Amino acid sequence: MSSSKGRTTLDVGADGVGIITIINPPVNSLSFDVLYSLKDTCEQALRRDDVKAIVITGAQGKFSGGFDISAFGKIQDKTIQAPKPGFVSFEILGDIVAAANKPFVAAIDGLALGGGLEVAMACHARISTPNAQLGLPELQLGIIPGFGGTQALPRLVGIAKALEMMLTSKPVKGEEALSLGLVDALASSDEVVNTARRWALDILECKRPWVISYYKTDKLEPLGEAREMLKFARAQTRKRAPNLRHPLVCIDVVEEGIVSGARTGLWKEAEAFQVLLQSDTCKSLVHFFFAQRGTTKVPGVTDLGLKPRSIKKVAILGGGLMGSGIATALVLSNYSVILKEVNDKFLQAGIGRVKANLQSRVKKGQMSQEKFEKTLSLLKGALDYESFRDVDMVIEAVIENVSLKQQIFLDLEKFCPPHCILASNTSTIDLNLIGEKTRSQDRIVGAHFFSPAHVMPLLEIVRTQKTSQQVIIDLLDVGKKIKKTPVVVGNCTGFAVNRMFFPYTQAALLLVERGTDVYQIDRAITKFGMPMGPFRLCDLVGFGVAIATGGQFVLNFPERTYKSMVIPLMQEDKRAGETTRRGFYVYDEKRKASPDPEIKKYIEKARELSGVTIDPKLAKLSDKDIVEMIFFPVVNEACRVLAEGIAVKAADLDVSAVMGMGFPPYRGGIMFWADSLGSKYICSRLEEWSNSYGGFFKPCSYLAERAAKGAPLFNCGSCKVSSVRPLLDLSVAVSRVRFDLLVDASTLHV
């Protein structure tokens with residue numbers, strides 16, 4: 001077999017133990033090549049008289065990261081033929097491995113995720129290293145475990161823990177796996193294979209139990225109790241993920257096996273897997289998986305062979321909520337950080353915020369007290385620039401004031417070394433304006449975090465025409481190290497996320513002034529899958545921020561902004577959102593939001609000032625119409641961002657929408673979702689509304705061109721490239737925001 005393909009090898013030792021090694025770098029994913037090879041190698045080992053027992057392991061310290069996700073798209077578009085249902089779970093793992101007349105033991109190091117863990121669970125015993133990651137993360141891709149995991153896992157760890165691991169996609173480490181019964185013993189990386197060899201021979205000699213996971217019953221609760229647990233899991237799932245079907249299918253398949261036996265459960269699992277693989281949810285999540293991974297591929301930057309420079313010491317200017325959050329993210333990843341403020345009172349408050357952020361992790365059991373103290377020791381305070389002389393990067397996070405930022409960057413140029421990256425966390429101000437008085441515009445870059453910065457997963461890296469490629473490479477590396485998903489964007493008002501989504505609230509205000517109910521809008525948008533509706537979001541960020549950022553868009557895009565007086569009128573009446581306990585909602589002492597009938601008077605006053613009247617059609621909108629009238633203007637603006645070359649590729653806008661604004665990942669992102677509806681449909685609706693309600697809804701030329709051709713938005717051969725370096729490749733390459741049954745897929749295979 002060609003060495004370029006994934007494969008397995010068989011080596012037989014003098015002790016008669018055959019070692020089957022999975023080889024498919026970098027994580028030994030289970031491609032079809034590997035699976036066919038695994039079947040052949042297992043059968044060969046069982047036929048050979050010199051093989052007494054068998055150990056399955058993975059090359060280079062990794063058991064297996066699971067099934068090769070790149071095959072999903074090929075199966076979905078019928079580029080390749082999928083094996084028949086049950087090929088892996090029955091023919092390989094059930095009828096060859098589990099039913100073998102020679103013992104199989106899995107030697108797990110590094111990771112055993114998804115199909116990798118399912119291979120291990122089919123073995124008669126499992127030996128793991130203490131820090132190996134074991135889990136079934138398939139649900140984050142819109143499918144269920146398809147190689148027998150729904151049947152084996154509950155029998156090894158119990159129903160409750162199995163459901164938790166599958167529904168949350170959360171892996172466990174080897175130590176916990178041992179306490180759960182998922183593995184049988186622990187060994188170091190150097191000894192895990194040898195320990196597995198001895199264990200396999202002990203099974204053969206009846207010194208240890210020969211256990212077939214699928215027939216194990218001692219961890220299963222009595223049927224009545226089991227059904228109550230499953231009923232509770234279904235209720236929780238419907239509540240937390242009402243738009244998703246596959247978690248409920250997973251629960252159904254688990255129940256089938258408990259009620260009717262593992263073999264019946266395996267058949268139901270195989271059938272369900274095939275159906276879910278073709279679902280819109282799976283296609284969306286697989287797209288998002290690769291989109292998220294693809295953000296670090298930037299044409300004209302990452303393909304030049306540049307290596308990231310070492311960034312060891314970072315200075316933060318401003319210790320407010322944003323600055324302290326950025327500082328927290330950095331010290332958590334072992335960067336030395338200097339936090340500068342204008343006076344000692346503000347400095348101590350900033351350091352206190354970082355300390356509180358870290359203490360929160362201690363309270364949640366995510367950090368030991370010793371680790372807390374070590375991490376906090378990486379943070380130093382400063383009231384001047386003297387300690388900036390050896391920093392590798394500065395991130396400015398002060399208030400949005402142009403002259404203040406210009407002065408700061410002049411000072412930074414004087415005090416920081418020539419190699420130091422000069423970054424701004426601005427969310428609205430043009431970077432060219434910030435740095436126009438300096439001579440260092442090649443090292444000025446935007447590092448736009450989202451609040452709270454130590455929690456939100458997105459980092460917008462904003463480049464100007466003069467930002468050097470090396471600086472972008474360096475910041476991409478920092479983003480990766482602080483566990484953010486970095487997206488490189490061009491310099492414009494609002495960059496990618498805020499610019500795409502400025503019509504989000506404006507569309508909602510337009511509808512409200514014409515008769516749509518505030519709370520119906522929020523309910524419809526939340527039901528669609530957003531964490532909250534536009535009005536609840538306004539309350540959360542505060543009216544001051546909403547007016548300031550909205551003003552930037554009115555200034556820069558006057559022809560397509562909707563100017564409503566609703567929020568200014570409410571602010572005049574000392575309503576500022578959640579901080580004042582009164583906004584579009586009223587809030588109790590526990591910050592619970594309740595509708596407020598009083599807002600009607602502000603809406604009526606705004607109507608008078610705007611000369612707008614109630615439109616009977618908009619007063620009776622369906623949820624579907626609300627979603628479209630809120631999000632189609634967002635799609636329209638995203639098309640402009642793409643056409644102007646602000647975004648590298650459409651997939652980056654999908655990642656930005658999901659990770660920056662909470663767009664539901666199971667819809668694939670804003671552009672992927674738009675393409676599922678069709679450019680022609682979206683354009684026709686926008687034209688219809690533009691004729692009735694003005695230029696706010698007018699389709700941009702890029703969207704109109706795609707619609708005229710009946711072409712998807714993702715195909716961007718006609719894109720104009722403007723104020724950033726040429727961005728040519730627009731092909732699809734993968735928080736607080738994640739929904740409860742989906743975790744970050746960026747580092748996992750299934």
Side-chain angles (χ1 to χ4, degrees), residues 315-326 340-342 393-413 416 420-451 453 456 458-468 471-472 475 479 486-506 541-558 560-561 637 640-641 644-647 656 660-661 722-724:
I316 310 289
L317 274 80
L321 288 174
M322 203 47 130
S324 60
I326 297 169
K340 181 186 177 300
E341 262 295 359
V342 293
M393 180 167 73
V394 178
I395 302 175
E396 167 272 308
V398 303
I399 58 172
E400 296 285 67
N401 180 295
V402 174
S403 58
L404 174 62
K405 289 179 188 283
Q406 287 177 334
Q407 183 58 53
I408 284 172
F409 274 74
L410 279 173
D411 292 339
L412 292 175
E413 194 174 42
C416 298
C420 179
I421 296 168
L422 307 178
S424 174
N425 181 58
T426 182
S427 58
T428 55
I429 300 174
D430 188 325
L431 290 171
N432 290 320
L433 192 60
I434 290 173
E436 71 176 3
K437 296 180 181 179
T438 73
R439 299 183 306 278
S440 306
Q441 292 179 19
D442 62 327
R443 54 191 175 118
I444 291 177
V445 67
H448 182 215
F449 292 78
F450 292 77
S451 186
M456 292 293 279
L458 185 68
L459 170 62
E460 276 187 316
I461 298 173
V462 187
R463 58 178 172 176
T464 70
Q465 282 182 300
K466 296 180 181 178
T467 306
S468 77
V471 165
I472 301 300
L475 210 48
V487 176
V488 176
V489 299
N491 182 32
C492 70
T493 302
F495 313 133
V497 174
N498 287 335
R499 176 163 166 198
M500 263 196 303
F501 275 85
F502 86 77
Y504 179 66
T505 302
Q506 291 187 6
V541 301
F543 289 178
V545 172
I547 291 171
T549 54
Q552 289 289 322
F553 294 110
V554 169
L555 189 66
N556 286 277
F557 311 121
R560 62 177 187 271
T561 49
E637 197 63 32
R640 290 189 179 95
V641 169
E644 292 169 19
I646 300 301
S656 298
M661 280 297 294
S722 62
S723 60
V724 293

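Remember, predicted model here, so these are calculated numbers, not experimental data.
When atom types are taken as modelled, the side chain of E460 and the backbone of V497 share a donor-acceptor pair closer than 3.5 angstrom. With E341 contributing its side chain and G319 its backbone, the two residues share a donor-acceptor pair below 3.5 Å. In this structure, R443 contributes its side chain and C420 its backbone to a donor-acceptor pair below 3.5 Å. A distance-only check finds no donor-acceptor pair linking the side chain of S440 to the backbone of E413 [under 3.5 Å]. With Q406 contributing its side chain and L433 its backbone, the two residues share a donor-acceptor pair below 3.5 Å. In this structure, S451 contributes its side chain and A453 its backbone to no donor-acceptor pair below 3.5 Å.
Scanning for ring pair (Phe, Tyr, Trp, His ring centres under 6.0 Å) contacts around Y504 gives F501, F631, with sequence neighbours left out. The side chain to side chain contact (heavy atoms under 4.5 Å, CB included) search around V541 returns L537, not counting sequence neighbours.
The shortest heavy-atom contact between E396 and V398 is OE2-N, 3.0 Å. When every heavy atom of G446 is checked against every heavy atom of L431, the shortest pair comes out as N-CD1, 3.4 Å. L459 and A447 get closest at one heavy-atom pair: CD1-C, 3.9 Å. G323 and I316 make their closest contact through O-CG2, 3.7 Å (heavy atoms, listed as atom of the first residue, atom of the second, distance). Across every non-hydrogen atom of F495 and T426, the tightest pair is CE1-O, 3.1 Å. Nearest heavy atoms, I434 versus S424: CD1-OG, 3.8 Å.
If you take CE on M322 and CD1 on I395, they are separated by 11.0 Å, rounding to the nearest 0.5 Å. Taken from OG in S468 to CD in Q441, the straight-line distance is 12.5 Å, to the nearest 0.5 Å. One distance of note links CZ of F557 with OG1 of T493; it measures 5.0 Å at 0.5 Å rounding. Residue C492 holds its SG atom at 4.0 Å from CD1 of I646, rounded to the nearest 0.5 Å. Distance check, rounded to the nearest 0.5 Å: OG1 of T438 to CG of D442 gives 8.5 Å.
By the 4.5 Å heavy-atom criterion applied to side chains, N425 and I326 are counted as neighbours. Within the 4.5 Å cutoff, side-chain heavy atoms of L317 are placed close to those of V394. For the pair V462 and V445, the minimum side-chain heavy-atom distance is 4.5 Å or more. Considering only heavy atoms from C-beta on, F449 stays 4.5 Å or farther from M456 through its side chain. Annotation: side chain of F502 is in contact with side chain of R560 (closest heavy-atom distance under 4.5 Å). Using a 4.5 Å heavy-atom threshold, the side chains of I444 and F409 count as touching.
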Exercise. Show your working on side-chain contact (heavy atoms from CB on, under 4.5 Å) between R463 and N491 and close with a plain yes or no.
Key: CA-CA 6 Å; R463 58 178 172 176; N491 182 32; over 6 Å; no
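No donor-acceptor contact under 3.5 angstrom links the side chains of E436 and N432, judged on distance only. There is a side-chain donor-acceptor pair under 3.5 Å between S403 and N401.
Between E644 and R499 there is a salt bridge, with a side-chain nitrogen of the basic residue lying less than 4.0 Å from a carboxylate oxygen of the acidic one. K405 has a carboxylate O that lies under 4.0 Å from a charged side-chain N of E400, or vice versa, which qualifies the two as a salt bridge.
Applying the salt bridge (Lys or Arg N to Asp or Glu O under 4.0 Å) definition to pairs two or more places apart or across chains, none involves residues 421-434.
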